[in-house]
Amino acid sequence: MVEHSQPNTHKAFHVGHLRNSCLGVAIAHILRAAGYRVQDANYIGDIGMHVVKCLWCYDRFHRGQEPEAPAAKGRWLGEVYAESDARLNFRDDVLGFLLLLSREDTAFVAAIDRMLKYLWRKGTDGEDIAYLLGRVTHAQPIKEDLLREENVIPKFWPIIGDQLRDQVANPVPYVAVDGQAEPTMTPAERLARWEALAEHMDEWWPRVPAWRINVRDTFQRWEGQEPEFVRLWQETREWSMADFRRIFDELGAHFDVWLFESEVEDEGKQIVRDLLASGLAEISDGLPVVKIDEKLGLEQETYRTLPILRSDGTSLYATKDLALTRRKFEQYGVDRAIWVVDARQSLYFQQVAKILELAGFEQAKQARHVGYEMVRLPEGVISSRKGNVPVYDDIRDAVAARASEIIAEKNSGLEPERRAEIAWQVAIGSLKYAMLARDNNKVIVFDLDEALSFDGHAAPYIQYAHARACRILEHARVDDAGIIASLAGLDFGALQPEELGLLQAIAALPDEVQRAAAEYRPLLIASYVFELAKRFNDFYHACPVLPSAEPVRTARLALVAATRQPLANGLGLLGIAAPRAM
RNA sequence: GCCCUCGUAGCUCAACGGAUAGAGUGUCUGGCUUCGAACCAGAAGGUUGGGGGUUCGAUUCCCUCCGAGGGUACCA
């Protein structure tokens with residue numbers, strides 16, 4: 001069983017999720033091709049803190065404001081989630097920004113220092129000003145609970161803005177200072193960030209603590225299964241699910257099993273009770289945990305300690321994964337369970353498997369985590385705080401539009417319907433290839449401009465080779481049966497190096513599949529199909545097929561047919577379509 | 001502190017201990033009257049982060065240092 005995709009409802013499906021789905025789909029295909037019986041499992045994060053935050057924000061600020069069109073609701077809900085996060089983290093964001101300024105900008109520190117001293121002399125909010133002053137000049141974090149007057153930051157905020165505006169208006173060339181980190185933001189970016197925070201400063205800052213309490217209360221509404229809340233959860237969850245079903249359909253991701261976090265909570269809590277009863281788990285500072293190293297008698301920190309339930313009795317990801325992992329082996333009868341989840345959770349999955357093993361569930365040894373690194377943008381990490389989350393739908397639209405444009409330009413004879421279909425295959429293929437032609441343990445730098453270019457090492461190169469092979473066979477008016485009938489008497493005459501190279505590439509597929517399956521590395525197939533397409537191009541340019549005299553013509557036609565098939569098959573393993581024309 | 005991953009051409013990436021470390025992209029030069037130019041040919045671009053070691057042979061394995069990212073008890 002390959003568990004992959006795992007999107008969270010009430011959140012946007014972005015380019016990071018895309019890598020996971022592409023990897024999961026490809027790994028499942030490759031394992032099947034290697035001879036295994038495989039089940040694809042999706043695990044929807046339909047409950048948890050993120051859902052509670054989103055629903056709190058919806059209920060409190062946006063009830064009834066959702067768009068009419070059903071197709072637009074999922075995305076809108078994701079925006080509400082992002083807003084809830086921004087509201088609840090507002091103070092942390094503000095203080096984090098101040099810390100960044102005080103660390104990176106000596107001019108800022110000097111100016112703020114002067115202004116604060118001035119205010120202090122005037123006797124304004126004396127102790128808080130002294131505290132802020134100390135923190136800023138020493139580039140130390142400001143702790144909000146050490147502030148005497150709660151609203152000192154909102155009062156202080158315009159002063160910071162004045163300074164930042166001044167820095168933008170009177171730019172000073174940047175001079176590197178030894179031992180000091182390079183600034184991560186330009187003065188203009190700092191000002192923009194300040195303005196974004198300033199917009200909500202007076203309204204949000206004072207309310208953050210109350211909001212946090214509200215969210216905790218909202219969590220209890222879920223735990224208590226309050227009917228009105230459950231209804232709201234079901235309704236909004238479906239908005240996201242409708243989106244997901246469409247996206248997975250577009251990506252060619254089909255699932256044999258749909259798992260939901262909301263469905264394994266009770267089972268998970270039961271396991272926690274069992275673990276506590278058996279003495280494997282214990283309550284430490286009020287928190288149910290398993291001290292794994294201690295139970296294993298390990299001196300060296302290895303598996304550490306895993307909390308398996310919140311101290312208030314609500315469930316954690318771990319609570320549910322313990323139940324789910326057992327269920328995969330017992331209820332679904334699998335003999336190997338694979339988690340395709342990003343590499344940050346690698347320790348966590350080792351912990352889950354080890355706890356089950358300690359509890360006597362031997363099959364947990366056959367649970368494997370296939371990790372992969374994150375997707376970044378050329379300008380940096382994807383972060384909802386920075387507002388640079390590339391939503392899947394937007395990327396897909398951009399790539400599809402570009403594909404359509406290029407097809408119209410290069411193959412104007414195609415009827416519009418066919419063009420639309422092929423544009424789609426090229427666009428999705430391009431995106432998928434960008435996600436798969438990189439090893440699992442490498443960070444992907446996703447550059448939309450690069451994804452929009454269909455030249456070179458990319459899916460369209462391979463799809464194009466396939467389309468040309470198809471066209472040759474079409475011109476020759478031969479089908480597979482005709483090719484097969486001719487095989488016995490093939491005569492290449494003097495075999496050309498390009499023909500030999502192509503033959504070798506064709507023959508390499510089975511070994512590549514086995515290796516890719518053993519190592520869970522679709523990259524090997526991605527490299528293979530590119531290499532095969534390149535060999536085909538070499539052959540194509542060096543060895544005319546249709547104009548050749550018999551018996552070479554028939555032999556080369558067979559070679560074209562024998563290339564077309566593994567090209568299509570290899571692309572298929574990656575979940576990429578192989579159009580017959582482009 | 002401890003653990004994991006990464007560091008290869010300007011940029012994005014390959015390379016199952018094995019030949020002169022390869023592609024793409026970008027730059028420069030050429031090729032459509034020829035099965036489709038989303039292609040092809042050529043030029044230029046490298047102390048594989050530094051230093052040790054194992055080996056007939058190291059980008060690959062081991063040690064060490066440097067740099068980047070991530071994880072490390074109530075996020076997922």
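Chain letters run A, B, ... following the sequence lines, proteins first and then strands; every chain starts at 1.
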Specify the separation, in whole Å, of atom NE2 of A:H541 and atom P of B:C32. 13 Å
Does any donor-acceptor pair link the side chain of A:S311 with the base of B:C74 at a separation under 3.5 Å? yes
Residue-phosphate contact under 4.0 Å: A:R310 side-chain N/O, B:C75 OP1/OP2: yes
Hey, does the side chain of A:Y433 come within less than 4.0 Å of B:U12's phosphate (OP1/OP2), counting only N and O? no
Across the strands shown, which category fits A:A581 at heavy-atom distances under 4.0 angstrom: base, sugar-phosphate, nothing? base
Does a nitrogen or oxygen in the side chain of A:H475 sit under 4.0 Å from OP1 or OP2 of B:G36? yes
Please evaluate the base of B:G1 for a donor-acceptor partner in the side chain of A:E301 within a cut-off of under 3.5 Å? yes
So what does A:L309 hit on the nucleic acid, given a heavy-atom distance under 4.0 Å: a base, only sugar-phosphate, or nothing? nothing
Taking only the side-chain nitrogens and oxygens of A:K410, find out if one of them lies under 4.0 Å from OP1 or OP2 of B:A38. yes
Quick one: label A:F454 by what it contacts on the DNA or RNA (base, sugar-phosphate, nothing), any heavy atom closer than 4.0 Å. base
Just call it for A:L316: base, sugar-phosphate, or nothing, with non-hydrogen atoms closer than 4.0 Å on any strand. sugar-phosphate
Step by step, work out the salt bridge (charged side-chain N to carboxylate O under 4.0 Å, His left out) result for A:E415 and A:R418. CA-CA 6 Å; A:E415 52 261 41; A:R418 203 84 175 86; 5.7 Å; no
Tell me what A:R553 touches on the nucleic acid: a base, only sugar-phosphate, or nothing, going by heavy atoms under 4.0 Å. nothing
Please tell me whether A:R237 and A:H10 have a donor and an acceptor in their side chains that are separated by less than 3.5 angstrom. no
Is A:D447 touching bases, backbone alone, or none of the nucleic acid, heavy atoms closer than 4.0 Å? nothing
Is A:Q300 touching bases, backbone alone, or none of the nucleic acid, heavy atoms closer than 4.0 Å? sugar-phosphate
Across the strands shown, which category fits A:C470 at heavy-atom distances under 4.0 angstrom: base, sugar-phosphate, nothing? nothing
Within the structure shown, what part of the strands sits under 4.0 Å from A:V289 by heavy-atom distance: base, sugar-phosphate, or nothing? base
Nearest-Å distance once atom P is located in both B:A21 and B:G46: 13 Å
OP1 or OP2 of B:U5 versus the side-chain N and O atoms of A:N441: is any pair under 4.0 Å? no
Hey, does A:T314 reach any base, or is it just sugar-phosphate, or nothing, if we go heavy atoms under 4.0 Å? nothing
Checking the side chain of A:E550 only, and the main-chain atoms of A:T554 only, is there a donor and an acceptor separated by less than 3.5 Å? yes
Assess, by modelled atom type and distance only, whether the side chains of A:S262 and A:D46 contain a donor and an acceptor separated by less than 3.5 Å. yes
Classify the nucleic acid contact of A:E261 as base, sugar-phosphate or nothing, counting any heavy atom under 4.0 Å across all strands shown. sugar-phosphate
Tell me which nucleotide among B:C74, B:A76, B:G24 gets nearest to the side chain of A:H457. B:G24
Contact class for A:Y540 vs. all strands (heavy atom < 4.0 Å): base, sugar-phosphate, or nothing? base
For A:E498 and A:R535, run salt bridge (charged side-chain N to carboxylate O under 4.0 Å, His left out): C-alpha distance rounded to whole Å, both residues' side-chain angles, the deciding distance at 0.1 Å, then the answer. CA-CA 7 Å; A:E498 290 81 4; A:R535 296 292 179 121; over 6 Å; no
Using a 4.0 Å heavy-atom cut-off across all strands, classify A:V341 as base, sugar-phosphate, or nothing. nothing
Is there a donor and acceptor pair, one atom on the side chain of A:S527 and one on the base of B:A23, closer than 3.5 Å? no
Which one, B:C13, B:C16, B:A23, comes nearest to the side chain of A:V445? B:C13
Side-chain donor/acceptor contact of A:R304 with base of B:C2 under 3.5 Å: yes
Taking the side chain of A:M582 as its heavy atoms from C-beta onward, which of B:G36, B:G24, B:U5 lies nearest to it? B:G36
Does B:C2 have a Watson-Crick or wobble mate here (both distances under 3.5 Å), and if so which one? B:G71
Are OP1 or OP2 of B:A38 and a side-chain N or O of A:Y464 less than 4.0 angstrom apart? yes
Mate of B:U27 across any strand shown (Watson-Crick or G-U wobble, both atom pairs under 3.5 Å) is B:A43
Whole Å only: how far is the OH atom of A:Y372 from the P atom of B:G70? 16 Å
Ignoring backbone atoms, establish whether A:R477 has a side-chain N or O less than 4.0 Å from OP1 or OP2 of B:C35. no
Distance, P atom - from B:G24 to B:A41, rounded to whole angstrom: 8 Å
Kindly point out which of B:A73, B:A14, B:A38 is positioned nearest to the side chain of A:R438? B:A14
